[in-house]
Amino acid sequence: MRMAPSPSGPLHVGHTRMAILNDEYVKRYGGDLILRIEDTNPKNIDPDAYHMIPEDLEWLGVNVTKMVIQSDRFDLYYNEARKLMQDGHMYVCTCPREEFKKKRLESIPCKDRDNPPEKNLELFEKMLDGTIKEGGAVAVVKTDLRHPNPSVRDWIAFRIIEARHPKVGDRYRVYPMMSFSVAVDDHYLGLTHVLRGKDQLTNTDKQRYIFEYNGWKKPYYYHYGMIKFPGIKLKTSVMKKGIQSGQYDGWSDIRLGTVRAFARRGYRPETFRRYWINSGLREIDAVFSIEIFDSINREIVDPTAYRFSFVKDPVRIEIRNMPEIKAKLPLHPTHPEYGFREYDVNGHVYISGQDFSAISDGERIRLKDLCYIRKNGDNIVYDGIDMTERTRIINWCPEGSREFSVLKPDGSKDNGLIEPKSSGYRGIAQLERYGYVNFAEKDDVAYFTHA
RNA sequence: GCUCCGGUGGUGUAGUCCGGACAAGCAUAUCGGCCUUUCGAGCCGACGACCUGGGUCCAAAUCCCGGCCGGAGCACCA
């Protein structure tokens, strides 16, 4: 099995499906999982991606057994090309770009198509040594000019790009097209099974010719359907532009759809795995269901998430006639062994502005794990401590709570107070009646995970 | 337009290859009840789907044909 991203940036949620599914197949049936970095277009490479991609995979728990980089293998591709030319399956075309396209569309052979192998090999060397400049020639795989899909007819395998490659510099000027290098690598790397999106269907058809000309055994191909990710920013080039312009604070900005952004928000690797296993390998196109994704994550995270009280848009209230109470709240309702949050309360607490304005006159409500209060006109009065009836229960923060913000993936921010006991906590917590957040870096700000 | 591939509840899927125990399972969402000193937690219940028309067959979600709808590809990108 293999996965083959191009190094234009770190992995995003769209990549995780192929990563997880390939990994899962190897786990279940054995074999190797090869990570192949496809950097055959020097114009589309972010040097940082060479290390970000393996990092992201490691975080996801994907066990890569072998890694290869295509830019290390150009000599192999050139030799395969020479072999195919020798056998008359490939030629070098010197037609102008437009003319080549037009002829192919009309199923007309180009003037170079029937050149003898010697001529093609000679021209190919001229491409390699720089005699022919960018745009001057391409190496083409001979297929079937009457193939119903024009892009499968005599497809281009190598072109000249006069640009500096971030990894190999200007050592090469003739770059293979993805369709070619993939076919060669899939064979020499011994791939038996290939899982890829059905956007690759045409490429599979193109690559077929390479396997047949060489008499190689083709891997089994599975093409899964495309997934839509509504509202998630995935386009690497767009994200990159946003980072450069300062709109985002980096690849892990929580507004982005990168794996690192999801990690920062508090999603767990296991969530990705369970979600994609559940989705399977159908050929049907589907919509990414953030609802289900969140629910999986919630299930994973909830048993260990500490509970804290966060009041948004706080209002300080004075509770009349309230005795001093020592409040004791569990850090986790089903795990008393995690400990408690204890506060002395005498007459003053903060509640959220939203809760405050929702209390109607005369209503009795419960401050969680504290006491009853009742609203009498403009006053809030103490109304007993023992649980006597079921009323609405709201959460509160004691005096000494600190200012706190939650950053949300839509770019918005909720401000309020959080109870003191949360100080120093790192990881995912449930803010009672609010949602789960990740205390990733600091005490006074956390990232919103999900409700 | 051309080539190929698909269509199961709101969403994600199981079942389709090899027709029968599928009056279609699971999850999520929604609604209701119970429980609970948070909850979007737990428990119980409800809700809700085989795109459509024809054919084959004792029997069709499953096989065949047409239609409709959707997607992917049609680069000197990967």
Side-chain angles (χ1 to χ4, degrees), chain A residues 4-8 36-41 43-45 70 93 95-98 100-101 104-105 134-140 147-153 155-161 174-179 181-182 196-206 223-228 230 236-237 274-296 298-299 302-303 305 307-310 327-330 332-334 365-372 385-387 389-396 430-436 450-451:
Chain A
S6 69
S8 51
R36 184 172 69 217
I37 307 266
E38 308 213 325
D39 55 349
T40 56
N41 181 357
K43 293 174 178 168
N44 186 27
I45 294 173
Q70 287 193 318
C93 169
C95 302
R97 183 190 292 230
E98 289 312 315
F100 177 78
K101 269 186 166 169
R104 183 166 61 179
L105 216 56
E134 179 166 338
V138 288
V140 178
H147 192 285
N149 186 340
S151 73
V152 178
R153 320 212 258 247
W155 51 272
I156 293 169
F158 291 88
R159 78 290 205 194
I160 300 169
I161 301 178
V174 176
Y175 288 87
M177 297 290 287
M178 173 264 200
S179 296
S181 56
V182 162
R196 37 158 54 166
K198 68 183 190 183
D199 53 323
Q200 302 291 333
L201 240 21
T202 314
N203 279 321
T204 306
D205 207 14
K206 287 160 89 167
H223 294 96
Y224 50 74
M226 308 306 286
I227 307 278
K228 272 200 194 76
T236 306
S237 54
R274 275 165 56 181
Y275 184 84
W276 291 125
I277 289 172
N278 173 250
S279 297
L281 265 181
R282 306 183 72 198
E283 279 185 46
I284 167 180
D285 305 309
V287 180
F288 179 75
S289 172
I290 191 74
E291 262 175 11
I292 292 176
F293 194 73
D294 282 352
S295 109
I296 294 171
R298 186 152 47 230
E299 200 177 306
D302 182 78
R307 267 56 171 174
F308 295 118
S309 180
F310 164 65
K328 187 175 180 188
L329 302 86
H332 194 289
T334 52
I365 64 169
R366 179 93 191 166
L367 295 178
K368 182 174 180 291
D369 288 303
L370 189 65
C371 64
Y372 286 107
I385 187 166
D386 296 326
M387 274 297 275
E389 68 171 322
R390 300 199 49 192
T391 63
R392 281 201 303 137
I393 296 167
I394 62 171
N395 59 301
W396 51 277
Q430 188 200 97
L431 304 184
E432 292 167 335
R433 301 202 308 132
Y434 178 79
Y436 295 83
H450 46 65

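Every value quoted in this text rests on a predicted model; they were computed, and no experiment measured them. Convention: sequence-line order gives letters A, B, ...; per-chain numbering from 1.
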Between [N] ([atom2]) and [X] ([atom1]): distance, integer Å:
X: A:Lys206; N: B:C76; atom1: NZ; atom2: C1'; value: 11 Å
X: A:Arg196; N: B:C5; atom1: CZ; atom2: P; value: 16 Å
X: A:Lys43; N: B:A75; atom1: NZ; atom2: C1'; value: 13 Å
X: A:Ile284; N: B:C50; atom1: CD1; atom2: C1'; value: 12 Å
X: A:Leu281; N: B:U13; atom1: CG; atom2: P; value: 11 Å
X: A:Asn278; N: B:A14; atom1: CG; atom2: C1'; value: 10 Å
X: A:Ile296; N: B:C26; atom1: CD1; atom2: C1'; value: 13 Å
X: A:Asp39; N: B:C77; atom1: CG; atom2: C1'; value: 14 Å

I'd like to compare against my own output: the B/S/- annotation of [range] with a strict under-4.0 Å heavy-atom distance to protein.
range: nucleotides 62-74 of chain B; value: ---------SSSS
range: nucleotides 43-49 of chain B; value: -------
range: nucleotides 37-42 of chain B; value: BBBB--

Taking any heavy-atom pair under 4.0 Å as a contact, classify [X]: base, sugar-phosphate, or nothing.
X: A:Lys101; value: sugar-phosphate
X: A:Thr40; value: sugar-phosphate
X: A:Glu291; value: base
X: A:Val138; value: base
X: A:Ile292; value: base

What interatomic distance, in whole Å, is found between [atom1] of [M] and the corresponding atom of [N]?
N: B:C64; M: B:A27; atom1: P; value: 32 Å
N: B:C18; M: B:G54; atom1: C1'; value: 25 Å
N: B:G53; M: B:C2; atom1: P; value: 27 Å
N: B:U16; M: B:C22; atom1: P; value: 13 Å
N: B:G6; M: B:U62; atom1: P; value: 15 Å
N: B:C47; M: B:A24; atom1: P; value: 11 Å
N: B:G12; M: B:G1; atom1: C1'; value: 34 Å
N: B:G20; M: B:A61; atom1: P; value: 10 Å

Any side-chain N or O of A:Arg97 less than 4.0 Å from the OP1 or OP2 oxygen of B:A75?
-> no
Does the side chain of A:Arg274 get closer than 4.0 angstrom to OP1 or OP2 of B:A27 through an N or O atom?
->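 Answer is no, no contact under 4.0 Å.
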Which value, rounded to the nearest 0.5 Å, describes the distance between A:Asn44 atom CG and A:Ile161 atom CD1?
-> 10.0 Å
In Å, rounded to the nearest 0.5 Å, how long is the span from CG of A:Leu201 to CG of A:Asp199?
->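 Rounded to the nearest 0.5 Å, the CG-CG separation comes out at 8.5 Å.
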One thing to verify: whether [Y] and [X] come together as a salt bridge, which I'm taking to mean a side-chain N less than 4.0 angstrom from a carboxylate O.
X: A:Glu389; Y: A:Arg366; answer: no
X: A:Asp369; Y: A:Arg307; answer: no
X: A:Lys198; Y: A:Glu283; answer: no

Backbone of A:Trp396 reached by a side-chain donor or acceptor of A:Ser309 within 3.5 Å = yes
Proximal nucleotide (of B:U11, B:U13, B:G6) relative to the A:Glu283 side chain |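 Within the option list, the nearest is B:G6.
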With a 4.5 Å heavy-atom cut-off, do [X] and [Y] have their side chains touching?
X: A:His147; Y: A:Lys206; result: no
X: A:Leu367; Y: A:Ile394; result: yes
X: A:Asp294; Y: A:Tyr436; result: no

Check A:Ser179 against A:Trp155 and note the closest heavy-atom contact, atom names and distance.
-> CB-CZ3, 3.6 Å
Check A:Leu431 against A:Phe310 and note the closest heavy-atom contact, atom names and distance.
-> CD1-CB, 3.7 Å
Quick one: do A:His450 and A:Phe293 satisfy side-chain contact (heavy atoms from CB on, under 4.5 Å)? Show the steps, please.
-> CA-CA 10 Å; A:His450 46 65; A:Phe293 194 73; over 6 Å; no
Tell me which of A:Ser279 and A:Met178 sits closer to the 5' end of RNA chain B, going by the nucleotide each one is nearest to.
-> A:Ser279
Can you name the residues that form a side-chain hydrogen bond (donor to acceptor under 3.5 Å, both in side chains) with A:Asn149, not counting sequence neighbours?
-> A:Ser151
Mind running side-chain contact (heavy atoms from CB on, under 4.5 Å) on A:Asp302 and A:His332 for me, showing each step along the way?
-> CA-CA 9 Å; A:Asp302 182 78; A:His332 194 289; 4.2 Å; yes
Please confirm whether A:Tyr175 and A:Phe158 have ring centers closer than 6.0 angstrom.
->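 No.
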Which residues pass the side chain to side chain contact (heavy atoms under 4.5 Å, CB included) test with A:Thr204, sequence neighbours left out?
->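 Applying side chain to side chain contact (heavy atoms under 4.5 Å, CB included) to A:Thr204 gives A:Arg196, A:Tyr221, A:His223.
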Quick one: stems involving RNA chain B, counted as three or more successive Watson-Crick or G-U pairs, both distances short of 3.5 Å.
->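 Only these stems qualify: B:1-7 with B:68-74, B:10-13 with B:25-28, B:30-34 with B:42-46, B:51-55 with B:63-67.
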